[in-house]
Amino acid sequence: MPELPEVETVRRGLVPRLVGHVLTRVEQRRPDLRFPLPEAFARRLTGRRVTTIGRRAKYLLAELDDGNVLMVHLGMSGRMVLEAPRGGAGTLGEFYHAHDLNGAHDHVVLTTDDGWTVRFNDPRRFGMMDLVPAGGLAAHKLIRGLGPEPLDPAFDAAALERLLQGKKTSIKAALMDQRVVVGIGNIYACEALHRAGISPRRLAGTVRNERAARLVAAIKAVLNDAIAAGGSSLRDYRQATGELGYFQHRFRVYDRAGERCPRRGCGGTVKRLVQGARSTFYCPACQR
DNA sequence: CTTGGGTCCTGTGCGC
DNA sequence: TGCGCACAGGACCCAA
(Lines give C-alpha, C1' and ligand atoms only; values in the text may rest on other atoms or scores of the structure.)
Protein backbone atom coordinates (compact mmCIF):
# COMPACT_ATOMS: atom_id res chain seq x y z
CA MET A 1 0.00 0.00 0.00
CA PRO A 2 0.72 3.50 0.02
CA GLU A 3 3.00 4.17 2.96
CA LEU A 4 3.48 7.59 4.51
CA PRO A 5 5.21 9.23 1.52
CA GLU A 6 2.50 8.06 -0.88
CA VAL A 7 -0.33 9.14 1.41
CA GLU A 8 1.33 12.50 1.95
CA THR A 9 1.75 12.95 -1.81
CA VAL A 10 -1.92 12.15 -2.36
CA ARG A 11 -2.85 14.62 0.36
CA ARG A 12 -0.85 17.37 -1.31
CA GLY A 13 -2.49 16.60 -4.63
CA LEU A 14 -6.00 16.76 -3.20
CA VAL A 15 -5.59 20.01 -1.26
CA PRO A 16 -5.81 22.46 -4.19
CA ARG A 17 -8.82 20.69 -5.70
CA LEU A 18 -10.83 20.10 -2.53
CA VAL A 19 -10.03 22.62 0.17
CA GLY A 20 -12.56 25.47 0.08
CA HIS A 21 -14.82 23.53 -2.26
CA VAL A 22 -18.30 22.13 -1.69
CA LEU A 23 -19.06 18.47 -2.40
CA THR A 24 -22.09 18.86 -4.65
CA ARG A 25 -22.52 15.19 -5.47
CA VAL A 26 -21.44 12.07 -3.60
CA GLU A 27 -21.87 8.66 -5.14
CA GLN A 28 -21.48 5.59 -2.95
CA ARG A 29 -21.37 2.49 -5.14
CA ARG A 30 -21.21 -0.24 -2.53
CA PRO A 31 -22.19 -0.55 1.12
CA ASP A 32 -18.76 -1.44 2.42
CA LEU A 33 -15.03 -1.24 1.87
CA ARG A 34 -12.96 -3.04 4.46
CA PHE A 35 -15.66 -2.03 6.93
CA PRO A 36 -19.25 -0.94 6.30
CA LEU A 37 -19.47 2.75 5.39
CA PRO A 38 -21.33 4.76 8.01
CA GLU A 39 -25.09 5.23 7.88
CA ALA A 40 -26.20 7.89 5.39
CA PHE A 41 -22.60 8.37 4.28
CA ALA A 42 -23.35 10.07 0.96
CA ARG A 43 -26.14 12.23 2.35
CA ARG A 44 -23.96 13.45 5.24
CA LEU A 45 -21.17 14.44 2.84
CA THR A 46 -23.32 16.11 0.21
CA GLY A 47 -23.35 19.90 0.43
CA ARG A 48 -20.40 20.05 2.84
CA ARG A 49 -17.43 22.30 2.26
CA VAL A 50 -13.95 20.85 2.82
CA THR A 51 -11.99 23.13 5.14
CA THR A 52 -8.63 21.35 5.47
CA ILE A 53 -7.01 18.05 4.51
CA GLY A 54 -4.59 16.64 7.04
CA ARG A 55 -2.89 13.33 7.60
CA ARG A 56 -2.29 11.16 10.64
CA ALA A 57 -0.23 8.04 10.03
CA LYS A 58 -1.55 6.63 6.73
CA TYR A 59 -5.01 8.18 7.24
CA LEU A 60 -6.16 11.13 5.16
CA LEU A 61 -8.35 13.45 7.23
CA ALA A 62 -10.61 15.87 5.36
CA GLU A 63 -12.31 18.30 7.74
CA LEU A 64 -15.77 19.47 6.77
CA ASP A 65 -17.65 22.66 7.59
CA ASP A 66 -20.11 20.80 9.81
CA GLY A 67 -17.36 19.69 12.17
CA ASN A 68 -17.09 16.16 10.87
CA VAL A 69 -13.96 14.61 9.42
CA LEU A 70 -13.86 12.28 6.44
CA MET A 71 -11.28 9.61 7.27
CA VAL A 72 -9.74 7.69 4.39
CA HIS A 73 -7.25 4.83 4.43
CA LEU A 74 -5.98 3.56 1.07
CA GLY A 75 -5.23 0.03 2.24
CA MET A 76 -2.99 -1.88 -0.17
CA SER A 77 -4.43 -0.81 -3.50
CA GLY A 78 -6.52 2.30 -2.87
CA ARG A 79 -6.15 5.38 -5.04
CA MET A 80 -7.67 8.84 -5.01
CA VAL A 81 -7.97 9.94 -8.62
CA LEU A 82 -8.65 13.51 -9.66
CA GLU A 83 -10.45 14.26 -12.88
CA ALA A 84 -10.91 17.72 -14.37
CA PRO A 85 -14.37 18.82 -15.49
CA ARG A 86 -15.26 17.27 -18.82
CA GLY A 87 -15.46 19.79 -21.60
CA GLY A 88 -15.00 17.64 -24.65
CA ALA A 89 -11.81 16.43 -23.05
CA GLY A 90 -12.35 12.82 -24.03
CA THR A 91 -14.59 10.01 -22.88
CA LEU A 92 -14.63 8.41 -19.47
CA GLY A 93 -13.25 5.28 -21.09
CA GLU A 94 -10.26 7.22 -22.35
CA PHE A 95 -9.78 8.69 -18.88
CA TYR A 96 -9.78 5.23 -17.33
CA HIS A 97 -7.33 3.98 -19.91
CA ALA A 98 -4.98 6.94 -19.44
CA HIS A 99 -4.94 6.36 -15.67
CA ASP A 100 -4.68 2.60 -15.87
CA LEU A 101 -7.95 2.38 -13.97
CA ASN A 102 -10.87 0.02 -13.95
CA GLY A 103 -14.13 1.82 -13.21
CA ALA A 104 -15.45 -1.37 -11.66
CA HIS A 105 -13.48 -0.48 -8.54
CA ASP A 106 -14.56 3.13 -8.20
CA HIS A 107 -16.32 2.73 -4.87
CA VAL A 108 -16.92 6.38 -3.96
CA VAL A 109 -17.03 9.31 -6.38
CA LEU A 110 -17.07 12.89 -5.13
CA THR A 111 -17.90 15.88 -7.33
CA THR A 112 -17.05 19.44 -6.31
CA ASP A 113 -18.77 22.75 -7.00
CA ASP A 114 -16.32 23.50 -9.82
CA GLY A 115 -16.89 20.21 -11.57
CA TRP A 116 -13.82 18.24 -10.56
CA THR A 117 -14.28 14.67 -9.41
CA VAL A 118 -12.32 12.57 -6.97
CA ARG A 119 -12.79 8.85 -7.31
CA PHE A 120 -11.76 6.40 -4.61
CA ASN A 121 -10.65 3.34 -6.54
CA ASP A 122 -9.60 0.23 -4.63
CA PRO A 123 -9.56 -3.23 -6.27
CA ARG A 124 -8.55 -5.15 -3.16
CA ARG A 125 -10.88 -3.18 -0.91
CA PHE A 126 -8.51 -3.19 2.06
CA GLY A 127 -9.10 0.55 2.30
CA MET A 128 -11.64 2.22 4.54
CA MET A 129 -13.62 5.43 4.95
CA ASP A 130 -15.39 6.79 7.97
CA LEU A 131 -17.10 10.00 8.98
CA VAL A 132 -16.39 11.10 12.54
CA PRO A 133 -16.83 14.24 14.64
CA ALA A 134 -13.55 16.20 14.76
CA GLY A 135 -13.58 16.10 18.53
CA GLY A 136 -13.92 12.34 18.52
CA LEU A 137 -11.03 11.66 16.19
CA ALA A 138 -8.38 11.10 18.87
CA ALA A 139 -10.60 8.50 20.48
CA HIS A 140 -11.41 6.74 17.20
CA LYS A 141 -10.68 3.04 17.35
CA LEU A 142 -8.20 3.22 14.48
CA ILE A 143 -6.44 6.41 15.60
CA ARG A 144 -6.23 5.83 19.31
CA GLY A 145 -3.10 3.88 20.12
CA LEU A 146 -1.10 5.01 17.09
CA GLY A 147 2.56 5.78 17.71
CA PRO A 148 4.36 9.05 16.96
CA GLU A 149 4.74 10.62 13.52
CA PRO A 150 8.23 9.80 12.27
CA LEU A 151 8.79 13.27 10.80
CA ASP A 152 7.87 15.02 14.03
CA PRO A 153 11.00 16.53 15.63
CA ALA A 154 9.89 14.91 18.88
CA PHE A 155 10.62 11.55 17.26
CA ASP A 156 14.32 11.38 18.06
CA ALA A 157 16.83 8.72 19.11
CA ALA A 158 15.76 8.83 22.75
CA ALA A 159 12.10 8.47 21.78
CA LEU A 160 12.79 5.51 19.48
CA GLU A 161 14.92 3.79 22.09
CA ARG A 162 12.14 4.16 24.62
CA LEU A 163 9.58 2.77 22.16
CA LEU A 164 11.73 -0.27 21.40
CA GLN A 165 12.81 -0.95 24.95
CA GLY A 166 12.28 -4.57 25.93
CA LYS A 167 10.74 -5.53 22.61
CA LYS A 168 11.51 -9.12 21.67
CA THR A 169 10.29 -8.89 18.12
CA SER A 170 12.54 -8.09 15.15
CA ILE A 171 13.38 -4.47 14.44
CA LYS A 172 11.77 -4.85 11.01
CA ALA A 173 8.45 -5.93 12.52
CA ALA A 174 8.69 -3.20 15.17
CA LEU A 175 9.16 -0.48 12.53
CA MET A 176 6.05 -1.68 10.73
CA ASP A 177 4.04 -1.78 13.97
CA GLN A 178 1.93 1.37 13.86
CA ARG A 179 1.82 1.44 17.68
CA VAL A 180 5.59 1.98 17.72
CA VAL A 181 5.86 4.57 14.97
CA VAL A 182 3.38 5.28 12.18
CA GLY A 183 3.59 5.48 8.42
CA ILE A 184 6.31 2.91 7.77
CA GLY A 185 5.38 -0.15 5.74
CA ASN A 186 7.33 -2.93 4.11
CA ILE A 187 9.28 -0.87 1.60
CA TYR A 188 10.42 1.96 3.86
CA ALA A 189 11.20 -0.40 6.73
CA CYS A 190 13.63 -2.25 4.45
CA GLU A 191 15.09 0.95 3.05
CA ALA A 192 15.53 2.65 6.43
CA LEU A 193 17.25 -0.40 7.93
CA HIS A 194 19.66 -0.59 5.01
CA ARG A 195 20.51 3.09 5.26
CA ALA A 196 21.11 2.67 8.99
CA GLY A 197 23.20 -0.48 8.55
CA ILE A 198 20.96 -2.47 10.89
CA SER A 199 19.91 -6.07 10.28
CA PRO A 200 16.15 -6.54 9.92
CA ARG A 201 16.43 -9.60 12.18
CA ARG A 202 18.02 -7.76 15.08
CA LEU A 203 15.90 -7.82 18.24
CA ALA A 204 14.14 -4.49 18.49
CA GLY A 205 15.11 -4.02 22.12
CA THR A 206 18.80 -4.09 21.23
CA VAL A 207 18.57 -1.02 19.00
CA ARG A 208 20.02 1.60 21.32
CA ASN A 209 22.40 4.54 21.46
CA GLU A 210 24.28 5.07 18.20
CA ARG A 211 22.14 2.51 16.37
CA ALA A 212 18.93 4.20 17.47
CA ALA A 213 20.32 7.55 16.35
CA ARG A 214 21.29 6.16 12.96
CA LEU A 215 17.90 4.52 12.53
CA VAL A 216 15.93 7.66 13.36
CA ALA A 217 18.03 9.66 10.92
CA ALA A 218 17.60 6.98 8.24
CA ILE A 219 13.81 6.85 8.70
CA LYS A 220 13.46 10.61 8.38
CA ALA A 221 15.81 10.78 5.41
CA VAL A 222 14.17 8.02 3.42
CA LEU A 223 10.65 9.32 4.06
CA ASN A 224 11.62 12.88 3.14
CA ASP A 225 13.44 11.73 0.00
CA ALA A 226 10.42 9.67 -1.03
CA ILE A 227 7.98 12.54 -0.47
CA ALA A 228 10.22 14.78 -2.57
CA ALA A 229 10.05 12.17 -5.35
CA GLY A 230 6.24 11.94 -5.22
CA GLY A 231 6.29 8.53 -3.58
CA SER A 232 6.99 5.12 -5.09
CA SER A 233 4.91 3.79 -7.98
CA LEU A 234 4.88 0.01 -8.22
CA ARG A 235 1.59 -1.49 -9.39
CA ASP A 236 -1.35 0.55 -8.23
CA TYR A 237 -0.03 3.67 -6.71
CA ARG A 238 -0.22 7.02 -8.44
CA GLN A 239 -0.46 10.55 -7.20
CA ALA A 240 -3.97 12.00 -7.09
CA THR A 241 -3.07 13.90 -10.24
CA GLY A 242 -2.35 10.63 -12.02
CA GLU A 243 1.39 11.24 -12.15
CA LEU A 244 3.73 8.44 -11.20
CA GLY A 245 6.07 8.84 -8.26
CA TYR A 246 9.64 7.92 -9.05
CA PHE A 247 11.17 6.93 -5.74
CA GLN A 248 11.07 3.24 -6.77
CA HIS A 249 14.15 3.96 -8.88
CA ARG A 250 15.97 4.96 -5.71
CA PHE A 251 15.33 1.79 -3.75
CA ARG A 252 18.61 0.50 -2.42
CA VAL A 253 17.39 -2.97 -1.44
CA TYR A 254 13.62 -3.34 -1.86
CA ASP A 255 12.87 -5.92 -4.56
CA ARG A 256 16.55 -6.02 -5.51
CA ALA A 257 17.46 -9.54 -4.38
CA GLY A 258 20.60 -10.75 -6.14
CA GLU A 259 21.84 -7.27 -6.94
CA ARG A 260 25.02 -5.76 -5.61
CA CYS A 261 24.66 -3.83 -2.34
CA PRO A 262 24.75 -0.13 -3.24
CA ARG A 263 26.69 0.89 -0.15
CA ARG A 264 30.13 2.20 -1.10
CA GLY A 265 32.82 -0.32 -0.39
CA CYS A 266 30.41 -3.03 0.79
CA GLY A 267 30.47 -5.47 -2.11
CA GLY A 268 27.72 -7.63 -0.56
CA THR A 269 24.67 -9.03 -2.35
CA VAL A 270 21.08 -8.10 -1.51
CA LYS A 271 19.11 -11.02 -0.08
CA ARG A 272 15.41 -11.69 0.36
CA LEU A 273 14.02 -13.28 3.49
CA VAL A 274 10.53 -13.73 4.85
CA GLN A 275 9.52 -12.20 8.17
CA GLY A 276 5.94 -12.42 9.37
CA ALA A 277 4.85 -13.48 5.89
CA ARG A 278 6.35 -10.32 4.36
CA SER A 279 9.38 -10.11 2.12
CA THR A 280 12.38 -8.41 3.62
CA PHE A 281 15.28 -7.23 1.47
CA TYR A 282 18.64 -6.51 3.06
CA CYS A 283 22.38 -6.83 2.74
CA PRO A 284 23.79 -9.40 5.19
CA ALA A 285 27.27 -7.94 4.71
CA CYS A 286 26.67 -4.40 5.96
CA GLN A 287 23.50 -4.65 8.06
CA ARG A 288 24.24 -5.80 11.59
C1' DC B 1 0.77 -8.04 28.47
C1' DT B 2 3.39 -9.52 23.93
C1' DT B 3 4.01 -12.03 19.77
C1' DG B 4 3.10 -14.65 15.65
C1' DG B 5 -0.08 -16.27 12.26
C1' DG B 6 -4.34 -16.20 9.57
C1' DT B 7 -7.35 -13.37 7.18
C1' DC B 8 -9.89 -10.03 4.27
C1' DC B 9 -9.89 -9.04 -1.51
C1' DT B 10 -8.50 -8.74 -6.45
C1' DG B 11 -4.92 -8.60 -9.88
C1' DT B 12 -0.58 -9.89 -11.93
C1' DG B 13 3.33 -12.43 -13.24
C1' DC B 14 5.61 -16.59 -13.44
C1' DG B 15 6.58 -21.59 -14.34
C1' DC B 16 4.75 -25.47 -16.48
C1' DT C 1 -2.70 -19.56 -24.61
C1' DG C 2 -4.22 -21.50 -20.45
C1' DC C 3 -3.91 -22.88 -15.58
C1' DG C 4 -2.58 -22.81 -10.93
C1' DC C 5 0.09 -20.80 -7.55
C1' DA C 6 2.79 -17.33 -5.14
C1' DC C 7 2.87 -12.88 -4.07
C1' DA C 8 1.57 -7.79 -3.64
C1' DG C 9 2.68 -1.16 -0.70
C1' DG C 10 -1.91 -3.01 5.40
C1' DA C 11 -3.44 -4.02 9.64
C1' DC C 12 -7.18 -6.22 12.38
C1' DC C 13 -8.20 -10.06 15.24
C1' DC C 14 -7.43 -13.97 17.82
C1' DA C 15 -4.90 -17.80 19.88
C1' DA C 16 -1.06 -19.07 22.60
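Quick note on labels: first sequence line is chain A, next is B, and so on, each numbered from 1. Just the heavy atoms: all of them, side chains too, but no hydrogens, waters or symmetry mates, feed the values below.
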Strand-adjacent residues in residues 214-230 of chain A, judged by heavy atoms under 4.0 Å from DNA chain B: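 None, since no heavy atom is under 4.0 Å.
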
Answer yes or no: does a side-chain N or O of [X] lie under 4.0 Å from OP1 or OP2 of [N]?
X	N	result
S279(A)	dC7(C)	no
H105(A)	dC9(B)	no
R124(A)	dG10(C)	no

Side chain R125(A) and base dC9(B) donor-acceptor under 3.5 Å: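 Flag unset: no donor-acceptor pair detected.
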
Does the pair [X]/[Y] count as a salt bridge with the N-to-O cut at 4.0 Å?
X	Y	result
R55(A)	E149(A)	yes
R119(A)	E83(A)	yes
D32(A)	R30(A)	yes
E191(A)	R195(A)	no
R17(A)	D114(A)	yes
D156(A)	R162(A)	no

Watson-Crick/G-U partner (both atom distances under 3.5 Å) of dC9(B):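 With both distances under 3.5 Å required, dC9(B) matches none.
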
Reading 5' to 3' through nucleotides 1-7 of chain B, protein heavy-atom contacts under 4.0 Å coded B for base, S for sugar-phosphate only, - for none: --SS---

Base of dA11(C) and ring of F126(A) stacked, centres under 5.5 Å, planes under 30°: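 No; by the centre-distance and plane-angle rule, F126(A) does not count as stacking on dA11(C).
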
S170(A) versus R201(A), side-chain donor and acceptor atoms under 3.5 Å: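 Short answer, no.
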
Rounded distance (Å) that lies between atom C1' of dG10(C) and atom CE of M128(A):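 Rounded to the whole Å, the gap is 13 Å.
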
